[in-house]
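Naming convention: chains lettered A, B, ... in sequence-line order (proteins, then strands); numbering from 1 in each chain.
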Protein chains: 2
Amino acid sequence: MLSDRSTPSPPTYDLGVSIETRRKLLDGALLALREHGVAGVSARSIAAAAGVNQALVFYHFGSVDELLSAACITVSEERFTNYGQRLAEATTLRELLDLSRRLHEEETAEGNISVLAQMLAGARTNPRLAEATSQALKLWTSPVEATLERLLATSPLRDVLDVPSLARAATATLIGLELYQGVDPAGADSAFSTFEQVAVLVEVADNLSPMAKRALRTILNRRKPR
Amino acid sequence: MLSDRSTPSPPTYDLGVSIETRRKLLDGALLALREHGVAGVSARSIAAAAGVNQALVFYHFGSVDELLSAACITVSEERFTNYGQRLAEATTLRELLDLSRRLHEEETAEGNISVLAQMLAGARTNPRLAEATSQALKLWTSPVEATLERLLATSPLRDVLDVPSLARAATATLIGLELYQGVDPAGADSAFSTFEQVAVLVEVADNLSPMAKRALRTILNRRKPR
DNA sequence: GTCTATACAACGATAGAC
DNA sequence: GTCTATCGTTGTATAGAC
């Protein structure tokens, strides 16, 4: 962000207010998705959440799917910057784990994981949503992937646990837990703790003595699936 | 199953064909849910999939939500029997893991995991679906939970990895991966392999020498979250 | 760019003939 | 129990006034 300039100019350039409206629609889409889910989201419910006219959905984005796609990608891009910087600071698996928990709590509280989960559910039967969600998900996994890659660079687990796959598996688990939350909040919380305990197991394995590491690698490779 | 009796009697008691129709509707609901997702499922799409009249949805189940709920619970109950028996045969974590993979492949192929995922997505904004999905999910986790409980009875991991939570975490992961499959099939596959590798890590930890087990337990307890 | 008005399809749900 | 027919609502999408 550049430092502010003199006069209290209006928030945007005011090209006929269109940019503000686009912004409202993008936010409204996320709000509606969180409130009604992919099953209940519509041009009307989005417009209501955005506080604008329903016809503007089609004027600015052409269709509801297109708006949902744009909203999902936009929010992911905005979050991505924040993520990358904070994850770059982690120097051990333990720090990464602690940081991940905090980031996950933030995103869950803001409803962004919920948005992703709903988009993924819609993506199963809607190619347009699938395309957009795929892009959005890459934005979320890539900083985690980069961090893992860095921290596991010298680990014996590296050629047993494929790093990109590990990042994806973790992402999938967090999304699964988000959905689980809706039907069993207490159970989802304790499941989350257990997920973390298992992650600690990875960390422990990574801190083994050189001899123990070699032994572990042998065992894991012997049982490598597929 | 009792052994068959003499005459080739009709498949059901034929109380005006109603039971057959109910069955068709239940199957149709699952089919429609798999094909159109929770966002696109409707009384009409279900009736089409079932090959019956649309009005019968309301005659037999009162509402679409009610039918979806019944379908989800019914398919889970039917699967539950199969599961319980096969899981009871596992005598080691390794066997449990292999069996789980096979069961998961079967259920994914039949589209049952997809149904569960779509129901969970809908459940986030629909209390009726939430109630039903909660019941259905318990049917899936409980046999896994019982098996884990049995196999980990004497494990040092037992008071660190809460067994019911472990079963839930695994379920959530499988559901998350199912959704991931829709936007990145190759990525989801490799993520699944990694999930299994991590599971093997649990198994390895469980096979440690008594002394190593104690040391591990100390580490894990020290880092117990929350 | 934004609004009102409207076309038209699909939705849940019910009434009534069979 | 099952069907046809239909009501009222809500959905996407567009035309045209402002």
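Among the nucleotides D:dT2, C:dC3, C:dG12, the one closest to the side chain of A:Asn53 is C:dC3.
Overall, the helix from C:dG1-D:dC18 to C:dC18-D:dG1 carries an axis bend of 0° between its ends, with five pairs at each end and the value rounded to 10°.
Residues A:Pro185 and A:Tyr180 are not in side-chain contact: their nearest non-hydrogen atoms beyond the backbone lie 4.5 Å or more apart.
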Letter by letter from the 5' end, nucleotides 13-18 of chain D scores (B base, S sugar-phosphate only, - none; protein heavy atoms under 4.0 Å) BB----
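For the pair A:Glu20 CD and C:dT2 C1', the computed distance is 13 Å after rounding to whole Å. Nucleotide C:dG12 holds its P atom 11 Å from the CG atom of B:Leu67, rounded to whole Å. With rounding to whole Å, A:His60 atom NE2 is found 9 Å from C:dC3 atom P. One atom, CG of B:Leu25, and another, C1' of C:dA13, lie 15 Å apart when rounded to the nearest Å. Rounding to whole angstrom units, CZ of residue A:Phe61 and P of C:dT2 are separated by 11 Å. With rounding to whole Å, B:Arg128 atom CZ is found 16 Å from C:dG12 atom P. Rounding to whole angstrom units, CD of residue B:Glu66 and P of C:dA13 are separated by 10 Å. To the nearest angstrom, P of C:dC11 lies 13 Å from CG of B:Leu68.
We find the CD1-CG distance between A:Ile46 and A:Leu31 to be 10.5 Å, quoted to the nearest 0.5 Å.
Projected onto DNA chain D by closest heavy-atom contact, A:Val41 and B:Leu56 fall at different nucleotides, the more 5' of which corresponds to B:Leu56.
At the phosphate of C:dC11, OP1 or OP2 sits under 4.0 Å from a side-chain N or O atom of B:Ser42. Proximity of B:Thr21 to the phosphate of D:dT2: a side-chain N or O atom is located under 4.0 Å from OP1 or OP2.
One side chain, B:Ser76 or B:Trp140, offers a donor N or O that lies under 3.5 Å from an acceptor on the other.
Using a 4.0 Å cut-off between charged nitrogen and carboxylate oxygen, B:Asp98 and B:Arg102 do not count as a salt-bridge pair.
Shown here are the side chain to side chain contact (heavy atoms under 4.5 Å, CB included) partners of A:Glu78, two or more places apart in sequence or in another chain: A:Arg23, A:Thr74. For A:Ser63, the side chain to side chain contact (heavy atoms under 4.5 Å, CB included) partners at least two apart in sequence or on another chain are A:Asp65, A:Glu66. Remark: A:Ala167 pairs with A:Val144, A:Glu145, A:Leu148 by the side chain to side chain contact (heavy atoms under 4.5 Å, CB included) rule, at least two apart or across chains. A:Ser42 is linked by a side chain to side chain contact (heavy atoms under 4.5 Å, CB included) to A:Arg44, A:Ser45, counting only residues two or more places apart in sequence or in another chain.
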For B:Gln181 and A:Arg124: C-alpha separation, side-chain torsions, deciding distance, then whether side chain to side chain contact (heavy atoms under 4.5 Å, CB included) applies.
CA-CA 8 Å; B:Gln181 188 84 25; A:Arg124 287 251 67 169; 3.9 Å; yes
